[in-house]
Amino acid sequence: RKNLIINGGFDVWQRGTSSTTPASGSVYRTLDRFWTLNSAGAAGTHSRSSDVPSGEGFNYSLSMTNVSGGYIGASVELTETGKASPFKPNTDYTLSFWLKGTGGALEAHYRNATATGANSTEVQSVVTFPSSVDWVKHSLTINTGTVNPHANNTHIGFDLSGFTSGGLTTGWQLELGSVATDFEHRSYGEELALCQRYFEKSYAQGVSPGTGGRTGMVGSGGTQGQTTTTEVGGGSNPFAVEKRTTPTMTYYDNAGAAGKVERLNAGIAWSSNNVNGQPFNPNTRSHSFISASGATASGVYAHFTADAEL
C-alpha cells in the first residue's frame, strides 16, 4: 500500500457519523482511525460532511463545529512495539491532506498513547498551515533522521491542532518519498477490513452502536433442549478480522443498552431484555459472553463492539 494511513479517504465511520462531546481526552468518536478533541472543554460536534474537494474522488470529509482549538489526529502502527518499522531511518516521508475553512499546526511523535503519554519522542516539530475559504491541499515532508522510538512506543502519531469551528478536512495520505502524489483510493471493502483490526461491530455499516434492534445480533451458548434461570453463554464468535490486541468488549441488548444482553428461551420467546452481560475469555480472534442469571432461557444474544485501538 502506498498510503500508510488507514481510512485516509474518510470512507469508514463504524462508530457513527456525528458525535457531540466535551473535551475529555483524545477519543475515536466517529471517523475510523482518526481521533478528535475539543481543547476548549465545551461540547463540540464532529460529523461527516459531503463537502469535498471537486474532482478528487472523495465522498466525505470531517467537519468540526462549536470547537475552539480543535484537534484531529491519525496514527500509523509500528510493526513491533519499540521498533521503527515500517519507517526507515534517515528517510523522507510526505504527509498530505486537504483543509477548508481552517488552518492548523501539525506535529508528529513516536508514542504509546493517542495524543500524549510517557516516552513520547518528537519526529516532527510544529509546522503551521494557513486557513482558506476554499479547499486547499497541504503537504509536509518529514525525515525520520536518527530518531528511534522508545521501547514502549506502539505507533507514530500525526496531530493537527488549532482546528477552527466550521472547518473541514479529508484526504490524508502518508507516503514514502519527498513528493505528495495523487491520493491512493482503495476499495471500501479493503479499507473496512484494515479498520476492523482496531475496531469492529456487529451492527450493519451505517448503523451506530447502541441502536435498538436485533438484526445482526450474535448468540452465545445454549441449546433448545435445556433451559435455566442461571448462567447462559459460552461458545465462540469469530471476528471478521483478527484484532491488534485482545479487545475491550461492549455488549448491547435489543433496546441498545450498553453492558446488557437478551436472554432467549428458544422455540418459545425472547425471555428478557436489559440483563447484565459480560465478556467471557475474549482474544484477538474471537469472543463469547455470558448472562449470569435472569428469566428462563437456553441462549443469550447481543450486539457488540470490539475496541483494540492504539
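Model, not experiment: these values are computed from the prediction.
- A donor-acceptor pair under 3.5 Å links the side-chain atoms of T102 to the main chain of T164, judged by distance alone.
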Give the C-alpha distance, both sets of side-chain angles, the deciding distance and a yes or no for side chain to side chain contact (heavy atoms under 4.5 Å, CB included) between L264 and V300. CA-CA 6 Å; L264 171 67; V300 61; over 6 Å; no
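- Taking the side chain as every heavy atom from C-beta outward, L140 and L106 approach each other to under 4.5 Å.
- Interatomic distance, OG1 of T91 versus CD1 of I142, reported as 10.5 Å (0.5 Å rounding).
- Here the two rings, on Y60 and F10, have centers that are 6.0 Å apart or farther.
- Using a cutoff of 4.0 Å between basic side-chain nitrogens and carboxylate oxygens, K100 and D51 are scored as salt-bridged.
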Full working for side chain to side chain donor-acceptor pair (under 3.5 Å) between E80 and S85: CA-CA 7 Å; E80 183 180 349; S85 179; over 6 Å; no
Could you give the side-chain donor-acceptor pairs of residues 301-310 under 3.5 Å, partners two or more places apart or in another chain?
{"residue": "H303", "atom": "ND1", "partner": "S202", "partner atom": "OG", "Å": "2.8"}
{"residue": "H303", "atom": "NE2", "partner": "G213", "partner atom": "O", "Å": "3.0"}
{"residue": "H303", "atom": "NE2", "partner": "T215", "partner atom": "O", "Å": "3.3"}
{"residue": "D307", "atom": "OD1", "partner": "E309", "partner atom": "N", "Å": "3.0"}
{"residue": "E309", "atom": "OE1", "partner": "R33", "partner atom": "NH1", "Å": "2.3"}
{"residue": "E309", "atom": "OE2", "partner": "R15", "partner atom": "NH2", "Å": "2.9"}

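- Here the side chains of R111 and P149 are not in contact, with every heavy-atom distance at 4.5 Å or above.
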Criterion side chain to side chain contact (heavy atoms under 4.5 Å, CB included) on K260 and N276, from CA distance to verdict: CA-CA 5 Å; K260 306 292 184 178; N276 288 333; 2.6 Å; yes
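- With hydrophobic clusters built from ILVMFWY side chains whose heavy atoms lie under 4.5 angstrom apart, V241 does not share a cluster with Y198.
- Between the side chain of E200 and the main chain of A240, a donor-acceptor pair closer than 3.5 Å is present.
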Given S61 and L168, is the side chain to side chain contact (heavy atoms under 4.5 Å, CB included) satisfied, shown in steps? CA-CA 6 Å; S61 63; L168 299 158; 3.6 Å; yes
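- Checked for salt-bridge contact, K137 and E56 miss the test: no charged N lies under 4.0 Å from a carboxylate O.
- A side-chain donor from one of E242 and T284 sits under 3.5 Å from a side-chain acceptor of the other.
- Atom CG of L176 sits about 12.5 Å away from atom CG of N3, to the nearest 0.5 Å.
- The shortest heavy-atom contact between L78 and A84 is CD2-O, 3.8 Å.
- Between A74 and F34, the shortest heavy-atom contact is CB-CE2, 3.5 Å.
- Environment of CZ in R285: sparse, with no more than 12 heavy atoms of neighbouring residues, nucleotides or ligands closer than 6.0 Å.
- Two residues are said to be in side-chain contact when any heavy atoms from C-beta on lie closer than 4.5 Å; L31 and R48 fail this criterion.
- With a 4.5 Å cut-off on side-chain heavy atoms, E122 and H109 count as touching.
- When side chains are defined from C-beta on, L192 counts as touching Q205, because their heavy atoms get closer than 4.5 Å.
- A donor-acceptor pair shorter than 3.5 Å can be found between the side chains of Q14 and D32.
- For the side-chain contact (heavy atoms from CB on, under 4.5 Å) criterion with W172, the lone passing option out of L62, N7, I72, I6 is I72.
- Under a cutoff of 6.0 Å and an axis angle of 45°, K201 and F199 do not form a cation-pi pair.
- Here F87 pairs with Y93 under the ring pair (Phe, Tyr, Trp, His ring centres under 6.0 Å) rule; sequence neighbours left out.
- The side-chain contact (heavy atoms from CB on, under 4.5 Å) search around T65 returns T45, S63, S165, not counting sequence neighbours.
- For the residue pair T170 and P53, the shortest heavy atom distance occurs at CG2-CD, 3.6 Å.
- By the criterion of side-chain heavy atoms lying less than 4.5 angstrom apart, applied directly or through intervening Ile, Leu, Val, Met, Phe, Trp or Tyr residues, V218 is grouped together with M249 in one hydrophobic cluster.
- Checked by atom type and distance alone, the side chain of T246 never pairs as donor or acceptor with a backbone atom of N283 at under 3.5 Å.
- Side chain to side chain, S288 and S236 fail the donor-acceptor criterion of an N or O pair below 3.5 Å.
- Other residues, nucleotides and ligands place no more than 12 heavy atoms under 6.0 Å from the CG atom of D182.
- Scored by the ring pair (Phe, Tyr, Trp, His ring centres under 6.0 Å) test, H150 finds no partners at all (sequence neighbours excluded).
- Among Y252, Y251, F280, the one residue that satisfies the ring pair (Phe, Tyr, Trp, His ring centres under 6.0 Å) test with F289 is Y251.
- Distance check, rounded to the nearest 0.5 Å: CG of D159 to OG of S75 gives 9.5 Å.
- Shortest non-hydrogen contact noted between N90 and T144 is N-OG1, 3.1 Å.
- In summary, R263 and D253 do not engage in a salt bridge, as defined by a charged side-chain N under 4.0 Å from a carboxylate O.
- Centroid-to-centroid, the aromatic rings of F183 and W98 stay 6.0 Å apart or farther.
- To the nearest 0.5 angstrom, H46 atom NE2 is 7.0 Å from S19 atom OG.
- Linking Ile, Leu, Val, Met, Phe, Trp and Tyr whenever their side-chain heavy atoms come within less than 4.5 Å leaves W135 and F97 in two separate clusters.
- Taking a 6.0 Å sphere around NZ of K2, one finds it holds more than 12 heavy atoms contributed by other residues, nucleotides or ligands.
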Stepwise side chain to side chain contact (heavy atoms under 4.5 Å, CB included) check, V261 with Q278: CA-CA 9 Å; V261 299; Q278 61 192 66; over 6 Å; no
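- Applying the side-chain contact (heavy atoms from CB on, under 4.5 Å) test to S208 and every residue at least two apart in sequence or in another chain returns T211.
- Nearest heavy atom pair, residue S178 against residue D92, reads CB-OD2, 3.8 Å.
- Going from atom OH of Y28 over to atom CH2 of W35 covers 9.0 Å, rounded to the nearest 0.5 Å.
- Looking at N254, its side chain never comes within 3.5 Å of a backbone N or O of E262 through a donor-acceptor pair.
- Here the closest non-hydrogen pair linking K243 and P247 is CG-CG, 4.2 Å.
- Note that OG of S139 and CD of E175 are 9.0 Å apart. Values are rounded to the nearest 0.5 Å.
- Residues V127 and F158 share a hydrophobic cluster, clusters being chains of Ile/Leu/Val/Met/Phe/Trp/Tyr side chains in contact below 4.5 Å.
- F239 and V12 are members of different hydrophobic clusters when ILVMFWY side chains are connected at heavy-atom separations under 4.5 Å.
- In this structure Y110 satisfies the ring pair (Phe, Tyr, Trp, His ring centres under 6.0 Å) test with no other residue, sequence neighbours excluded.
- In this structure, the ring of F58 has its center less than 6.0 angstrom from the ring center of H185.
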